[in-house]
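Structure record follows, encoded as structure tokens.
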Amino acid sequence: MGSSTPLVKAVKGMNDILPVDIGRWHAVEGAFARSMQRLGYREIRTPYVEPTPLFVRAIGETTDVVEKEMYSFRHHDEPLTLRPEGTAGAVRAYVEHGVHNTEPVTRWYYHGPMFRAERPQRGRYRQFYQLGAECIGDAGPGCDAEMIDALVGFLQDIGIEKPDVFLNSIGSGDTRARYKEALTAALSPMKDKLSADSQRRLTTNPLRILDSKHPADAEAIATAPTILDFLSDADRAHWDELRRQLDALGTPYQVDPKLVRGLDYYTRTLFEIKGAYDKLGAGSTLLGGGRYDGMVKDLGGPEVPAIGFAAGLERLLIASTLEVSASVVDVFVAPLGEGTQAPALVLARDIRRAGLRCEVDTRKASMKAQLRRANALGARVCLILGDREVNEGVVEMKDLAAHVQEKVARADVVARAAAVVASPVPPAREGDGK
RNA sequence: GUGGCCGUAGCUCAGCUGGUAGAGCGCUGGAUUGUGGUUCCGGUUGUCGCGGGUUCGAACCCCGUCGGUCACCCCA
């Protein structure tokens, strides 16, 4: 009946995904899996809960994620955390299973929920879903270029017309150390003019100032030295080669020397893809990633390079124009009259055994109500089984899209219904049925 | 986490300087006592997010709280 006030509600920032919406989720997840499999990636699933120190080590002690966004708790004195991202767990699994001993290059993709205690808004939730992949064991820029190119293709596959790729290199350890020094030196004199956040960042994490949207920081950012001028020879070679290969692939990108990311583990290549600005506003980063050549070793493994990315599934769904069939069943069986339920159940089971989706009405509803339901479920065929039909050994088969109906022998009805379901939907016509 | 805006039926929303709720869609019944979708006619739905306060009287004003949203922080 009417409405009701729930006694218990879902946790803030954590949402139900209802069946009406799940089709689009499946479509995007499926497109992603196919796209990664075509590149030789295999799926990995890791736990949603990991030991807290994994994230502290991998992501970095002073990052916002670790400092204030993790769902952490103790269980029997063991510090645990709901994973805030997927790379740390994948790399932990890589090290734990000694995967480097079994193959030179490892390509894994994953999808699943992540948890971050931020203030929710559109496209940003406390339990959210990521699609991601890691390529471990190849240091070359070709690996980076291939990944970026494939991602653009994937986004186009799900109907995101023109994804914008932003690209940067933040070099490796020594490059970054020299740049940090130069940046701090350049910005310190104007410290008083910076925003409060950036003044603090000057000592904690000066790179992040480049990312600030605060108007007070605009001038400092504009005049700051760019990290691309500080690249070591090896870093520069990687960077130049990456761009050459992207050009060869014909994948457009924009160099953004101010692109920095909030996780400490990145080295060299950094990329971000944005799109659907009108629908996503400030959260239009669809996907971000980069190289993390040091993490495997940091987590106790061998010195092995790696690159990966993660995409926000909710954001992809907002940006995607994919449309998905709302049809729930292929065939609807409508029993009419007293003795018809049992034959209807048998008929429905036969239909399902032929591989079709079929719902049978067990409510004893009127024919009108049953046909309405058949229509609402998106059935192509409605099989009407009244006492008359049962007695005659036939079924009334109605093609709901073509608006035609015929009497079919019970023995033939499964094959005939299957043929109708497989046949193209006739062109829509104006009009009223007869 | 900081600040702004919002919260009325399942959905989208209306409700005039406070006088105790309305539309469309949906759902449902009928027109067609065995035929959907289209058409026509009828019916149905609310502790006006929650708690407190002001007032003779609150959906409307005030405080708190929860939720959403936008921006920031940050990120996917």
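Letters go in sequence order (proteins before strands), and every chain restarts at 1.
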- Would you sort out whether A:Thr63 and A:Asp264 count as a side-chain hydrogen bond (donor to acceptor under 3.5 Å, both in side chains), showing the intermediate values? CA-CA 7 Å; A:Thr63 56; A:Asp264 277 356; 5.7 Å; no
Just how far, in rounded Å, is [atom2] of [N] from [atom1] of [X]?
| X | N | atom1 | atom2 | value |
| --- | --- | --- | --- | --- |
| A:Arg126 | B:G67 | CZ | P | 8 Å |
| A:Met367 | B:G29 | CE | C1' | 17 Å |
| A:Ile318 | B:G68 | CD1 | P | 14 Å |
| A:His214 | B:C72 | NE2 | P | 12 Å |
| A:Lys368 | B:G34 | NZ | P | 12 Å |
| A:Arg200 | B:G1 | CZ | C1' | 11 Å |
| A:Lys213 | B:A71 | NZ | C1' | 9 Å |
| A:Lys12 | B:U69 | NZ | P | 10 Å |

Would you check if there is a donor-acceptor pair between the side chains of [Y] and [X] at a distance under 3.5 Å?
| X | Y | result |
| --- | --- | --- |
| A:Thr87 | A:Glu134 | yes |
| A:Thr81 | A:Thr52 | yes |
| A:Glu161 | A:Gln156 | no |

Could you work out which one of [options] sits closest to the side chain of [X]?
| X | options | result |
| --- | --- | --- |
| A:Arg122 | B:U35, B:C70, B:A76 | B:C70 |
| A:Arg372 | B:G34, B:U28, B:G67 | B:U28 |
| A:Ser212 | B:C73, B:G29, B:U35 | B:C73 |
| A:Arg116 | B:A76, B:G67, B:U35 | B:A76 |
| A:Leu336 | B:G34, B:A76, B:G68 | B:G34 |
| A:Lys9 | B:G36, B:C66, B:G68 | B:C66 |

- Task: Pick base, sugar-phosphate or nothing for A:Ala374, based on heavy-atom distances below 4.0 Å to the nucleic acid.
- Result: nothing
With hydrogens left out and only the distance checked, is there a donor-acceptor pair under 3.5 Å joining [X]'s side chain and the base of [N]?
| X | N | value |
| --- | --- | --- |
| A:Lys398 | B:U35 | yes |
| A:Gln405 | B:U35 | yes |
| A:Glu67 | B:G1 | no |

- Message: Is it true that, when you exclude A:Arg122 itself, more than 12 heavy atoms of the residues, nucleotides or ligands shown sit nearer than 6.0 Å to its CZ?
- Response: no
- Around atom NZ of A:Lys279, are there more than 12 heavy atoms of other residues, nucleotides or ligands at under 6.0 Å? yes
- Item | Under-4.0 Å side-chain N/O to phosphate OP1/OP2 contact, A:Gln121 with B:A71 | yes
- Task: Map A:Ala379 and A:Arg261 onto RNA chain B by nearest heavy atom, then report which one ends up closer to the 5' terminus.
- Result: A:Ala379
- Query: When the nearest nucleotide of RNA chain B is assigned to A:Asp64 and to A:Met14 on a heavy-atom basis, which residue is associated with the more 5' position?
  - Reply: A:Met14
- Are any of the side-chain nitrogens in A:Asp211 or A:Lys258 under 4.0 Å away from the carboxylate oxygens of its partner? no
- Can a salt bridge be assigned to the pair A:Arg416 and A:Asp399 using a cut-off of 4.0 Å between side-chain N and carboxylate O? no
- Message: Partner lookup for B:C72, please. Criteria are Watson-Crick or G-U wobble with both distances under 3.5 angstrom; report none if nothing qualifies.
- Response: B:G1
- Query: Is there a Watson-Crick or G-U wobble partner for B:G34 with both distances under 3.5 Å, and which nucleotide is it?
  - Reply: none
Nucleotides 3-8 of chain B: which of its N/O atoms have a protein N/O under 3.5 Å away?
unit_1 : atom_1 : unit_2   : atom_2 : d
B:G3   : O6     : A:Arg119 : NH2    : 3.0

